[in-house]
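Data first, discussion second: the structure below is written as structure tokens.
Along the sequence shown, residues are numbered consecutively beginning with 1. Side chains included, hydrogens not; waters and symmetry mates left out as well; all remaining heavy atoms used.
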Amino acid sequence: MRRVALLTGLLVAAAALAPAGAAFEPEDDPWFVESYGQFRPGPPPADDSAQTGAELRELLRLQRDRTPRQVRIARRWGEGPATIPWTRVALETIRSQRAGAFPTRSARALAVLHLGLHDALEAAEDARRTYSRKRPRRLDDRIDQAVRAGGTSYPDERAVTAGAAGALLRYLFPDAPEGRFERLTEQAAQSRLWAGVAYRSDVTEGLALGRRVAAVAI
């Protein structure tokens with residue numbers, strides 16, 4: 001039990017130092033990808049495009065029907081450093097599978113997860129700086145954000161995190177219940193639309209970018 005408690009404490013401490021989004025310096029070297037722009041998506045829809053208009057209407061519709069449960073989910077995935085919810089998922093998985101009895105294996109899994117998320121978040125920051133797409137609220141002040149979100153939105157950094165984390169966790173914990181990580185990935189991504197902080201295209205491209213980075217790490 002002492003070894004499990006020690007491992008958990010070390011992993012929580014590592015999570016506190018894990019990537020939080022735009023906090024990295026751009027000159028940080030990648031761990032797995034060749035460069036942070038390796039999988040940079042194409043440009044987002046223009047602010048005055050028909051697609052952006054349709055996506056804004058979707059956000060307003062979701063906002064109108066938003067439930068207290070959806071707000072709680074949005075806050076679960078959207079507040080604090082982007083990696084923390086996924087670190088909790090990993091720790092819960094380690095505990096449920098009794099993987100804490102094998103500290104080296106558990107530490108390796110957490111290391112691969114966080115290094116992969118580092119590259120994914122840096123790749124997201126590369127694209128966000130390249131395109132500088134405005135958050136939905138900056139185009140339509142009727143948007144009521146359920147969580148704080150600054151900077152640019154394309155691709156959505158938390159969708160990138162979800163895409164990478166879901167794929168990495170499925171690889172690292174193959175004996176976990178079928179579909180668990182996929183359901184959490186979808187929930188985390190959908191929460192960004194419920195929160196009104198990202199367009200659907202931000203989320204779609206974010207998931208795809210995160211999964212591409214995870215594939216290289218795997």
Side-chain angles (χ1 to χ4, degrees), residues 15-16 18-24 26 40-89 117-118 120-166 182-211 213:
F24 298 123
R40 185 186 299 159
D47 290 349
D48 58 355
S49 67
Q51 182 174 344
T52 295
E55 291 182 336
L56 277 170
R57 290 191 294 274
E58 177 188 29
L59 293 178
L60 289 168
R61 184 172 66 253
L62 291 171
Q63 177 179 299
R64 184 184 63 242
D65 299 332
R66 191 162 60 197
T67 66
R69 177 178 177 273
Q70 290 172 342
V71 172
R72 288 194 299 272
I73 292 172
R75 289 173 177 167
R76 173 192 176 190
W77 294 108
E79 293 182 345
T83 57
I84 293 298
W86 291 103
T87 301
R88 292 192 182 112
V89 171
L117 292 183
H118 171 279
L121 283 166
E122 280 282 26
E125 181 64 9
D126 167 82
R128 292 171 69 204
R129 291 186 180 187
T130 298
Y131 298 120
S132 299
R133 190 183 196 186
K134 300 180 182 70
R135 294 278 177 188
R137 182 171 172 78
R138 292 184 61 190
L139 286 188
D140 192 329
D141 60 10
R142 294 176 295 172
I143 298 291
D144 179 23
Q145 296 185 170
V147 298
R148 286 188 176 185
T152 60
S153 70
Y154 180 86
D156 181 72
E157 74 279 6
R158 301 208 178 228
V160 172
T161 306
E182 291 78 8
R183 287 191 296 272
L184 291 173
T185 296
E186 177 60 29
Q187 183 188 81
Q190 181 65 28
S191 76
R192 304 301 281 169
L193 302 178
W194 292 336
V197 295
Y199 299 97
R200 183 167 293 278
S201 53
D202 299 335
V203 171
T204 300
E205 290 296 337
L207 286 171
L209 176 58
R211 286 165 176 156
V213 173

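- Partners of Ser49 under the side-chain hydrogen bond (donor to acceptor under 3.5 Å, both in side chains) rule, at least two apart in sequence or in another chain, are Thr52.
- Partners of Ser153 under the side-chain hydrogen bond (donor to acceptor under 3.5 Å, both in side chains) rule, at least two apart in sequence or in another chain, are Asp202.
- For Glu55, the side-chain hydrogen bond (donor to acceptor under 3.5 Å, both in side chains) criterion is met by Gln51, Arg133, Ser201, not counting sequence neighbours.
- Looking at residues two or more places apart in sequence or on another chain, you find a ring-ring contact (aromatic ring centres under 6.0 Å, His included) between Trp86 and Trp77.
- Sorted by first and then second residue, the salt bridge (charged side-chain N to carboxylate O under 4.0 Å, His left out) pairs with a member in residues 79-89 form an empty list; sequence neighbours excluded.
- In terms of the salt bridge (charged side-chain N to carboxylate O under 4.0 Å, His left out) criterion, residue partners of Asp156 (sequence neighbours excluded) are, by chain and number, Arg135, Arg192.
- Under the ring pair (Phe, Tyr, Trp, His ring centres under 6.0 Å) criterion, the residue pairs touching residues 124-166 are Tyr131-Tyr154, with sequence neighbours excluded.
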Show the atom names and distances, to 0.1 Å, of all donor-acceptor pairs under 3.5 Å that link a side chain in residues 67-76 to residues at least two apart or in another chain.
{"residue": "Thr67", "atom": "OG1", "partner": "Gln70", "partner atom": "N", "Å": "3.1"}
{"residue": "Gln70", "atom": "OE1", "partner": "Thr67", "partner atom": "N", "Å": "3.1"}
{"residue": "Arg76", "atom": "NH1", "partner": "Gln187", "partner atom": "OE1", "Å": "3.3"}

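- Remark: Asp140 engages Leu56, Leu60, Arg142, Ile143 in a side-chain contact (heavy atoms from CB on, under 4.5 Å) (not counting sequence neighbours).
- Scanning for salt bridge (charged side-chain N to carboxylate O under 4.0 Å, His left out) contacts around Glu182 gives Arg170, with sequence neighbours left out.
- A search for side-chain hydrogen bond (donor to acceptor under 3.5 Å, both in side chains) contacts involving Arg40 returns Asp126, not counting sequence neighbours.
- Not counting sequence neighbours, the partners of Arg200 by the salt bridge (charged side-chain N to carboxylate O under 4.0 Å, His left out) test are Glu58.
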